[in-house]
Amino acid sequence: MDVLLTDDERAVQQAAAEFLATEATPVLVRQAERAPDRMSHELWAKVAELGWLGISLPEQYGGQNLPLSYLGLVFEELGRRTAPVPMLGTMVVAQILARHGSPAQLALLEQVIKGDLILTYAVQEPDTRWSLDAVELAGRMDGEHLVLSGQKAFVDNIHTAGKCLVVFRMSDGSGLGLALIEPTLPGIDATDLITTAADAEAMLRFTDVRVPAADRVGTPGQARAIALEMMDLAAAFTTAMMVGAAGEATHRAVEYAKQRNAFGQPIGSFQAIQHMAADMTIGVDGAQLLVREAISRMGLGLPARVEVAQAKAFANEKCLMAVRMSQQIHGGIGFIAEFDQQLWYRRVAAWSLRCGTTPEHRALVAESLLDRQGPVRLGYDQSLQDDAMRAARVRS
Amino acid sequence: MDFEFTPHQKQLRSEVQAFIADHMTAALKAELKDDARGSGPEGEVFFAKIMARGWTAVSWPKEYGGQGGSPMDQFIIEEEFQRVGYKRIGGGGTGAPAILASGTEEQKRHFVPATIKGEISFSQGYSEPGCGTDLAGIQCRAIRTGDTYVINGQKIYTTSAHACTHIFLMVRTDPQSKRQAGLSILLVPIDTPGITVRPLWTIQNEPRAPTLTTYGEPRTNEVFLDNVVVPVSCLLGQEGDGWAVARRGLNLDRVGAWRYLISVMRDEDIVNWLKEDGDRNATLRADPRVRDKVAELWIEGQVARLMTMRSMSISQRGEAFSYEGAAEKVWAPEHGVRATEAISQILGPSAQLLNGSPDALDDGLFAHNLLGAFQSTVNHGSVQVMRDQVARNGLGMPRAGR
Ligand SMILES: Cc1cc2nc3c(=O)[nH]c(=O)nc-3n(C[C@H](O)[C@H](O)[C@H](O)COP(=O)(O)OP(=O)(O)OC[C@H]3O[C@@H](n4cnc5c(N)ncnc54)[C@H](O)[C@@H]3O)c2cc1C
């Protein structure tokens, strides 16, 4: 037990921080917000060139195979600079392919690591629940093809992604399925959403979309577990970005408070401001510890659904509180578009609503606490009925 | 980053748990109900067995009777014993850590091994009627005359002054001095003539709080010092350096197993209570509002755990704290208060019933918690002052008026 960073982890974190501080400037972030793809291709190429995409992917495809916690640290730094790159979807799906992909799908990782293939995922539907129970996109087999009909919502970067990992439900009652599809297939219609993050999210309509059967991911029996894994990776990495962004917003507020004067002294000398800054720091630290624990457990292959839910539920509230207090400490200027502060606020506002809201994640935590037999204790392993069933299946 | 205990640490925890299961007799439990430090006959036997296992003062140096082990091992041992309501195991507290940090060789040899055995114990004589948070206002004076100090003044909230052998006394040795300058620490035998100890009963005294109540102190004291004469050898560290001497002994006292447990045990209590059989438990357990609140509290408790682990990690590496201990000292006690209050709202009017009342839940535990939880936001550095420290030490924010 040592929750602090090791020297190696710190070195990677610092390298990412320095790179992004020079490259992912507010000017670049603003340009990306107005670019047609809502991303910076230029920054994406540099991210790839420096090897960041392969950090936790297998060596045989050009990756560095470092534990997942390193990738988590990179996400914190990406959030800190609100870097306009499609890292989230690409890394979530790449992790899933690395663990569960067919040989043909695994081979794609090489392109991913080079920055030539952007990936995205589609889980939620217009009813907006972050839950596999809500999946209604219908799949049926027709010879060598899977045919998909229905809708997906809040899908990132669909216009730039080369592949999208879709979760669907088989109409024959055989359960959930996953497929890695091309977003340009006939029958897919995208409607762009306008988000507070000014990034690329869309609703998708599938009308009899024909997908080669070979593009399915995992066996049908594994689909549910793989989909949960994908959702946890997405929620955890989003949380890591929120932690970075809220940490930077706190830092900016503190620095601003040291030089902005009122009543003859820096506003940062007022206890009311100091105590806000302390609460912002404590909230962000808490979210950071929770998400680091969750991601390192995922990297070790330990059950982590509850830990992910804890982190996202907490970060949704505390990171939003920190960026909002940062706006408040900035006074009127926090509301003005020309001033950079709002870049952090708008993103954390959006991220706090993606990959599960606080009540949704708390419901999962409550399930692990109240719906299992036996007394609970903090710091002891916590799992869900699902995990136990999954473990039993693996054993048998 | 490593969020898992090592195999050695896991092994140690299960050994301590097995030991407790084997040796925690019903008679000892009954004894602990009245005295969590366990100084009765059963307690003495139990303590001797713990000593024999080498589980006292684990992280203190071997040459002074400690085990020379790691702070994390000590934390694990303390957590397990304190979870069953046994407090004598504590390796922090007042006295020995500060003596190890600032004492002469002779003082270390005299006090530390005896503290471990429980032959010597300290109460903390900092607070006075005129000052608590801001100890720079201390007025209790010690005037040096030849080889002695003559002490006059009053202390308040001197918990366990009635049950200790010594008082760890902060006094003003330079009468001309202001604020922190001119303060010193004296190690004064409590039976020195001129010392009068008077009880101050707390709101947790009547009826007696059950074991494992948050805080749960029935009594503290006022201490009057009237021409108390002690030899200068009682001085700890340099004369006039008392502020620094006290601080050097403080850091881990703010955090550690006890502070952690009194902040988070409530989260476990409510979940485990909801899981008991019974119609009321089942109805509440199924209520979505209760489920959401309980999960919220649990997550906050996890943050308290992780902040404690962060402090332990820093201490284990021998690194300096910047603001992390202060952050934990804000988060954990305030979480304890939020949890205690929210739980009482979940349980309804039964949660006001104290020990011995008809219909009291778990011996009135929840009601007694309500009387004690806020106390830990005040003592050992109030949450206001701890926030100041996060802002000033952690974030470099300026002092007011400068
Ligand atoms: C049961 C119990 C046991 C105790 N045991 C001991 C013991 O063994 N030894 C010992 O020496 N003391 C002990 N204390 C005393 C305890 O440490 C003090 O109560 C504490 O330090 C607060 O001091 P005070 O009561 O004088 O309150 P004050 O210092 O008067 O504080 C009152 C309020 O003002 C706030 N405040 C003070 N300064 C600031 C500031 N700069 N900014 C904002 N707000 C501020 C505080 O946070 C608090 O809310 C004990 C107290 C109790 C109740």
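Values reported hereafter were calculated over all heavy atoms of this structure, with side chains retained and with hydrogens, waters and symmetry mates removed. Chain letters run A, B, ... following the sequence lines, proteins first and then strands; every chain starts at 1.
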Requested in this report: With a 4.5 angstrom heavy-atom cut-off, could you sort out which part of R291(B) is near chain A: side chain, backbone, both or neither?
Outcome: both

Query raised in the report: So which of D285(A), D279(A), D2(A), I282(A) has the largest heavy-atom pair count under 4.5 angstrom toward chain B?
Result: D2(A)

Report summary line: Cut-off 4.5 Å, heavy atoms of chain B, and the answer for S69(A) is both

Query raised in the report: A277(A) versus chain B, heavy atoms under 4.5 Å apart: side chain, backbone, both or neither?
Result: both

Report task. Find out whether Y345(A) and S326(A) are in side-chain contact, i.e. whether some heavy atom of one side chain is under 4.5 Å from a heavy atom of the other. Result -> no

Query raised in the report: Which region of T6(A), side chain (C-beta onward) or backbone (N, CA, C, O), has a non-hydrogen atom less than 4.5 Å from a non-hydrogen atom of chain B, or is it both or neither?
Result: both

Query raised in the report: Between F75(B) and Y260(B), what is the ring plane arrangement, given parallel below 30°, perpendicular above 60°, and tilted in between?
Result: tilted

**Report entry** E334(B) portion near chain A, given a 4.5 angstrom heavy-atom threshold
**Finding:** neither

Query raised in the report: Regarding Y215(B) and N369(B), is there a side-chain donor-to-acceptor distance under 3.5 Å anywhere?
Result: no

Query raised in the report: By a 4.5 Å heavy-atom criterion (distance strictly below it), what part of Y380(A) contacts chain B: side chain, backbone, both, or neither?
Result: side chain

Query raised in the report: Looking at A311(A), S296(A), A257(A), S368(A), which one has more heavy-atom pairs under 4.5 Å with chain B than the rest?
Result: S296(A)

**Report entry** Which portion of Q310(A) sits near chain B, non-hydrogen atoms under 4.5 angstrom
**Finding:** both

Query raised in the report: In terms of heavy-atom proximity below 4.5 Å to chain A, should D267(B) be classed as side chain, backbone, both, or neither?
Result: side chain

Query raised in the report: Can any side-chain N or O of S313(B) pair as donor or acceptor with the backbone N or O of V3(A) at less than 3.5 Å?
Result: yes

Requested in this report: List the atom of M242(A), the atom of S352(A), and the distance in Å for their closest heavy-atom pair.
Outcome: CE-CA, 3.6 Å

Query raised in the report: Contact part of M72(B) toward chain A, heavy-atom cut-off under 4.5 Å: side chain, backbone, both or neither?
Result: side chain

Query raised in the report: What option among E319(B), Q302(B), M309(B) has the most heavy-atom pairs under 4.5 Å with chain A?
Result: Q302(B)

Report summary line: In terms of heavy-atom pairs under 4.5 Å with chain B, the winner among E9(A), K258(A), R377(A), R292(A) is R377(A)

Query - Heavy-atom pairs under 4.5 Å with chain A, option from G394(B), A391(B), A286(B) with the top count - result: A391(B)

Report task. Answer with side chain, backbone, both or neither: which region of Q9(B) has an atom nearer than 4.5 Å to a non-hydrogen atom of chain A? Result -> side chain

**Report entry** Geometric cation-pi criterion R338(B) and W331(B), 6.0 Å radius, 45° cone
**Finding:** yes

Query raised in the report: So does Q259(A) have more than 12 non-hydrogen atoms from other groups sitting under 6.0 Å from CD?
Result: yes

Report task. Can you tell which part of Q384(B) gets under 4.5 Å to a heavy atom of chain A, answering side chain, backbone, both or neither? Result -> both

Report task. Identify which part of L302(A) has an atom lying under 4.5 Å from any heavy atom of chain B, answering side chain, backbone, both or neither. Result -> side chain

Report task. Test E79(B) against every option in R13(B), R259(B), K87(B) by the salt bridge (Lys or Arg N to Asp or Glu O under 4.0 Å) rule and name the one that passes. Result -> R13(B)

Query raised in the report: Can you say whether Q316(B) sits under 4.5 Å from chain A via the side chain, the backbone, both, or neither, judging by heavy atoms?
Result: side chain

Query raised in the report: If you count heavy-atom pairs under 4.5 Å between each of R297(A), K318(A), E255(A), E293(A) and chain B, which one has the most?
Result: E293(A)

Query raised in the report: Would you say E4(B) has more than 12 foreign heavy atoms packed within less than 6.0 Å of its CD?
Result: yes

Report task. Under the side chain to side chain donor-acceptor pair (under 3.5 Å) rule, what do H361(A) and N316(A) come out as? Steps first, then yes or no, please. Result -> CA-CA 10 Å; H361(A) 284 295; N316(A) 286 348; 5.5 Å; no

Report task. Answer yes or no: are there more than 12 heavy-atom neighbours, outside R260(A) itself, under 6.0 Å from its atom CZ? Result -> no

Query - Verdict with reasoning, E328(B) to T308(B), per side chain to side chain donor-acceptor pair (under 3.5 Å) - result: CA-CA 7 Å; E328(B) 182 188 336; T308(B) 304; 3.1 Å; yes

